[in-house]
Protein chains: 2
Amino acid sequence: MDNKLMLMIPGPTPVPEAALLALAKHPIGHRTSEFSNIMAEVLENLKWLHQTQNDVLMLNVSGTGAVEAGIINFLSPGDRVLVGSNGKFGERWVEIATAYGLNVEAVTAEWGQPLDTAVFAEKLQGDTHKEIKAVIITHSETSTGVLNDLETINGLVKEHGQALIMVDAVTSLGAFNLPIDSWGLDVVASGSQKGYMIPPGLGFVAVSPKAWEAYKTATLPKYYLDLGKYRKSAAKNTTPFTPPVNLIVALHTALQMMKDEGLESIFGRHQRLKNATRAAMRGLNLPLFSADDCASPAITAVAPLGIEAEKIRSLMKKRFDIALAGGQDHLKNKIFRIGHLGFVSDRDILSCIAALEVTLTELGYENFTPGAGVAAAAGYV
Amino acid sequence: MDNKLMLMIPGPTPVPEAALLALAKHPIGHRTSEFSNIMAEVLENLKWLHQTQNDVLMLNVSGTGAVEAGIINFLSPGDRVLVGSNGKFGERWVEIATAYGLNVEAVTAEWGQPLDTAVFAEKLQGDTHKEIKAVIITHSETSTGVLNDLETINGLVKEHGQALIMVDAVTSLGAFNLPIDSWGLDVVASGSQKGYMIPPGLGFVAVSPKAWEAYKTATLPKYYLDLGKYRKSAAKNTTPFTPPVNLIVALHTALQMMKDEGLESIFGRHQRLKNATRAAMRGLNLPLFSADDCASPAITAVAPLGIEAEKIRSLMKKRFDIALAGGQDHLKNKIFRIGHLGFVSDRDILSCIAALEVTLTELGYENFTPGAGVAAAAGYV
């Protein structure tokens, strides 16, 4: 049966019907009070979602564009930065920092492993001249399903006292408790096609007062990504450049749905889905690519033994119209990734696991008792 | 009567129902053959629309982001550039070039007047050391309804031989004949919410082989706006970063509609709408803000005498749910602007003029014979 696609990838994530219908409304002029009223509510609800009183700015960019804006607005050429790199996205932030002529020190870990907080402790504590201007961390590393220990690293940054903490929260925002104000996070970037439950096209950057202080003297060139312009416009419930009106109207709907569900319920649901997925993979004797204590709430990477990951993906799509994600770069065909981010229900994860059981059997994988995956998941949903 | 909005602003422009319904389709994964097949057709049709065999790249940005990408990918700090500036957007490109440390020479004209081609001739012919690296021109200046004489200026750039010609075609692409290959335009930037008939959120940049040569040695920093990455991905019918999937699906539909209409018909329709609008304003004794020989095919600016432009806009919205654009910056309340760009029919322009007649009468403006606007327009539609 066709035309019944189920997205279980880390983005785009499933979009509720109400958000799709909002998206399809004819655009209105963006320099109108009608649009500004929508902007006002969206900006307020974004602060709620981000658990912050800081500015949360919206840009017409992908998640990468949001992270880039979050880096370049607060730094100058030659500034020393520590960049965590334990997956495709960490590597990307190293590339961005390098492209802009920053003095980049990559703190690496193997893909699938979390960043080692001890290395950050050593570097930050050893920086007696306070040369480190920023620490850039991927919270949930989408390529591997690893959740880095942001809370500990942030604590070290706070002890350092000078450096800004900049967070790629693209697949953690709206999935995991990330209390920006109580943790004192300076820059938090994310993207619409993830926990926000709308299609791709909008990036978000939350900016602390401390980061705005750094903005005043930062000299990296920028214009379209100049967050100062977005801040000035947001104060008047507008945007410096033509915004993606339809996506913002859809976001307005999605944020209201999120408020109705409540932050604790949303985080609890992602936790449940993660636990159910991991239990199911254990029940099916499929090795998990990340350890329990650093498992992303958004995505679970699985490294099947004796069976090609791409064959599983391909048959899941063909038989059940379920889209799973593959491995990136050197992990291609070594892992597959199950997205359980955003508008994903308990029922969805059970469907996915049940379908995976049938798929594995059809591929000749016999290292599990039929039903064991669903049975294991059942204890968590 | 509410909920029957008619957009007669220069963007967002009206969106066909088929494109709105395409927009509302659930997103699919962007790393799939299904999406690549759509990308392939979109990229091919973009070349058709741009009348070029050059790369036409798609970015998840507004028109401003597309122009910025078009400038910064091909230049290095200190490069001398001539920037035409006779309106809000020309001024913006001066700001961008300045923000990136280029050696900017603004060639200005009063708002409402076209750029003086003689000044470009003098500067380009006087540049015997070939220091000018680029000439940046706004084709249709949205803020004033002036169409600059790109063909003549481009001819001067070609005589110069070294400089690149970079064009803001945001409100001319898809409205006016802009044969990129036969004119030899190097960089042409535009945005989705204009002639493309879809909502805002996508920017486009067409790039010539000569510009790609300059790219190789250009050193301005970039990553998200790095067109080389988009080119490499486009060759494989994909994108370097998560694309706004729904907008691209809507674009796929809109481009097919444009192909069905045909380029000559589209340009002819915009010419008709422009002529009808201008004739109507004359019939109503409302002064046009730009001269006939430099009138934009996308937008007509009107400078009413003895009556506030904002009052006309406000009553047109209230009585007829027609959105007109106001004047920007110092032209606020001095002019109003009628957009006739994209998915706008002969009927639409007649509706707008008829409603304007009633509005003017209700505001006490009596300097016209009732029906004169529509009668004048009738000779052109």
Side-chain angles (χ1 to χ4, degrees), chain A residues 5 7 9 11-15 17 20-32 59-69 72 77 92 95-96 99-101 191-193 199-203 220-226 239-247 250 317 323 325-326, chain B residues 5 7 9 11-15 17 20-32 59-69 72 77 92 95-96 99-101 191-193 199-203 220-226 239-247 250 317 323 325-326:
Chain A
L5 175 66
L7 281 182
I9 61 176
T13 60
V15 179
E17 182 185 63
L20 289 172
L21 294 175
L23 192 69
K25 288 174 79 169
H26 199 285
I28 58 175
H30 53 292
R31 305 298 183 211
T32 61
L59 286 71
N60 183 189
V61 294
S62 76
T64 295
V67 174
E68 179 168 329
I72 69 172
R92 186 174 286 180
E95 287 177 9
I96 288 180
Y100 278 88
S192 59
Q193 77 280 20
L202 273 173
L220 285 176
K222 56 200 168 281
Y223 192 91
Y224 184 69
L225 296 180
D226 182 346
T239 57
F241 314 117
T242 306
V245 172
N246 297 55
L247 273 170
K317 180 70 180 64
Chain B
L5 175 66
L7 280 183
I9 61 177
T13 60
V15 180
E17 183 186 62
L20 289 172
L21 293 176
L23 192 69
K25 289 173 79 169
H26 198 286
I28 58 175
H30 54 292
R31 304 296 183 216
T32 60
L59 287 70
N60 183 190
V61 294
S62 77
T64 295
V67 174
E68 180 169 329
I72 69 172
R92 185 173 286 178
E95 286 177 10
I96 288 180
Y100 278 87
S192 59
Q193 77 279 19
L202 272 174
L220 285 175
K222 56 201 168 279
Y223 192 91
Y224 184 69
L225 297 180
D226 183 345
T239 57
F241 313 117
T242 307
V245 173
N246 297 54
L247 273 169
K317 180 71 180 64

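The figures that follow rest on heavy atoms only: side chains count, while hydrogens, waters and symmetry mates do not. Lettering follows sequence order; numbering is per chain, from 1. None of the values given here were measured: they were computed from a predicted structure.
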Discussion item. Rounded to the nearest 0.5 Å, what separates atom OG1 in B:T32 from atom CD1 in A:I9?
Written reply: 8.0 Å

Worksheet item: Checking B:H26 side chain against A:P14 main chain: does a donor-acceptor pair fall under 3.5 Å?
Response: no

Worksheet item: Between A:T242 and B:P200, what is the shortest heavy-atom contact and its length?
Response: CG2-CB, 3.8 Å

Item to complete: Kindly say whether A:S62 contributes a backbone atom to a donor-acceptor pair with the side chain of B:Y224 at under 3.5 angstrom?
Response: yes

Worksheet item: Of all residues at least two apart in sequence or in a different chain, which pass the side chain to side chain contact (heavy atoms under 4.5 Å, CB included) check with A:A24?
Response: B:A24

Practice prompt. Select, from B:N60, B:L220, B:L23, B:L225, the one with the greatest count of heavy-atom pairs under 4.5 Å involving chain A.
Written response: B:N60

Item to complete: Under 4.5 Å, counting heavy-atom pairs only, tell me which of A:L59, A:V245, A:L7, A:V61 racks up the most with chain B.
Response: A:V61

Worksheet item: Between B:L21 and chain A, which part of the residue has a heavy atom less than 4.5 Å away: side chain, backbone, both or neither?
Response: neither

Item to complete: Step through the shown structure and confirm whether more than 12 heavy atoms of other residues, nucleotides or ligands are within 6.0 Å of NZ on A:K317.
Response: yes

Fill in: Pairing residues for B:T64 by the side chain to side chain donor-acceptor pair (under 3.5 Å) criterion, not counting sequence neighbours
B:R92

Discussion item. Given heavy-atom pairs under 4.5 angstrom as the criterion, report whether the side chain, backbone, both or neither of B:E17 touches chain A.
Written reply: neither

Worksheet item: With chain A, which of B:P240, B:G201, B:G203 has the greatest number of heavy-atom pairs at distances under 4.5 Å?
Response: B:G201

Discussion item. Show the nearest heavy-atom pair for residues A:P12 and B:P27, with the distance to one decimal.
Written reply: CB-CB, 4.0 Å

Discussion item. Report which part of B:I96 has an atom under 4.5 Å of a heavy atom belonging to chain A: side chain, backbone, both, or neither.
Written reply: both

Worksheet item: Checking heavy atoms, do the side chain of A:T13, its backbone, both or neither come under 4.5 Å from chain B?
Response: backbone

Worksheet item: Where does A:I28 contact chain B at under 4.5 Å (heavy atoms): side chain, backbone, both or neither?
Response: both

Worksheet item: Pick one: which of B:V15, B:L20, B:L247, B:N246 meets side-chain contact (heavy atoms from CB on, under 4.5 Å) with A:N246?
Response: B:L20

Worksheet item: Where on B:A99 is there a heavy atom nearer than 4.5 Å to chain A: the side chain, the backbone, both, or neither?
Response: both

